[in-house]
Amino acid sequence: MADNDITEQKVDEKAVQATDTQNVKVAKRRKKAKRSVPSGQVHIMASFNNTIITFTDTKGNVLTSSSAGANGFRGSKKGTAYASQVAAENAGQLAKTQYGLTKADVFVKGIGLGRDSAIRSLGNLDIQVESITDVTGVPHGGVRPRKARRV
């Protein structure tokens with residue numbers, strides 16, 4: 001009889017544990033407040049192989065970004081001017097709808113074909129370009145020259 005009571009207790013404890021795990025409420029996450037960023041920065045990295053466009057706020061925190069490869073272009077097509085235009089339009093559209101971006105300072109890095117077309121497409125989105133700065137890295141000093149050729 002005592003053994004029977006112990007097994008009933010174990011069964012009851014297991015039932016209580018099962019109902020407790022079902023009744024546990026999951027803490028709800030707060031929704032992020034929609035930030036309004038009227039003016040920001042656009043960073044365009046244009047290489048021969050791809051173009052990456054990043055929209056940031058004035059401090060440099062990333063809002064949206066896009067690239068030619070992310071928009072379905074593959075291989076050598078990623079380095080074209082049209083691919084960078086499409087990438088800039090997609091990233092700009094997101095920045096405009098989600099954050100209300102209307103003015104931007106543009107920072108261009110690299111020597112790819114997408115430099116000009118990406119900036120031009122910002123004008124098509126009614127994003128006012130306040131300044132354009134070229135921040136392409138320039139080597140000073142460079143690598144060690146080859147040894148002199150002896151004939």
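This is a predicted model, so every value here is computed, not measured. Just the heavy atoms: all of them, side chains too, but no hydrogens, waters or symmetry mates, feed the values below.
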With a 4.5 Å heavy-atom cut-off, do F55 and I127 have their side chains touching?
-> yes
Quick one: name the residues clustered hydrophobically with L94, using the 4.5 Å side-chain heavy-atom rule over I, L, V, M, F, W, Y, and just say none if it's on its own.
-> none
Donor-acceptor pair, side chain of N71 and main chain of S67, under 3.5 angstrom | yes
Output the distance between atom CG (L125) and atom CZ (R120), rounded to the nearest 0.5 Å.
-> 14.0 Å
With hydrophobic residues grouped by side-chain heavy-atom distances under 4.5 Å, do V42 and I119 end up in a single group?
-> yes
Is there a side chain to side chain contact (heavy atoms under 4.5 Å, CB included) between V106 and T133 once you walk through the steps?
-> CA-CA 6 Å; V106 179; T133 309; over 6 Å; no
Is the side chain of R115 donor-acceptor paired with the backbone N or O of G110 at a distance under 3.5 Å, no angle test?
-> yes
Results of side-chain hydrogen bond (donor to acceptor under 3.5 Å, both in side chains) for N49 - residues two or more places apart only | none
Identify whether I132 and V135 are in the same connected component of the hydrophobic contact network (ILVMFWY, side-chain heavy atoms under 4.5 Å).
-> no
Note: with side-chain heavy atoms under 4.5 Å as the link, the other cluster members for I111 come out as F48
Consider only side-chain heavy atoms of I, L, V, M, F, W and Y, link residues closer than 4.5 Å, and tell whether I53 and L63 are in one cluster.
-> yes
Rounded to the nearest 0.5 angstrom, the CG-OG distance for L101 and S36 is 9.5 Å
Working to the nearest 0.5 Å, report the span between CG of D116 and OG of S84.
-> 9.0 Å
Could you state the interatomic distance from CG (L113) to NZ (K78), rounded to the nearest 0.5 Å?
-> 14.0 Å
Among residues two or more places apart or on two chains, list those pairs meeting side-chain hydrogen bond (donor to acceptor under 3.5 Å, both in side chains) that have a residue in residues 142-151.
-> none
Side-chain heavy atoms of V129 within contact of L122, under 4.5 Å | yes
Between T51 (side chain) and A68 (backbone), is there a donor-acceptor pair under 3.5 Å?
-> no
To the nearest 0.5 Å, what is the distance between CD1 (I44) and OG (S121)?
-> 7.5 Å
Tell me, which pairs form a side-chain hydrogen bond (donor to acceptor under 3.5 Å, both in side chains) where one or both residues lie in residues 91-109, sequence neighbours left out?
-> D105-S131
Without swapping roles, check the side chain of S65 against the backbone of T54 for a donor-acceptor pair under 3.5 Å.
-> no
Under a single-linkage rule joining Ile, Leu, Val, Met, Phe, Trp and Tyr whose side-chain heavy atoms are separated by less than 4.5 Å, which residues share a cluster with V86?
-> F73, Y82
For residues S66 and A91, report the shortest heavy-atom separation together with the two atoms involved.
-> CB-CB, 3.7 Å
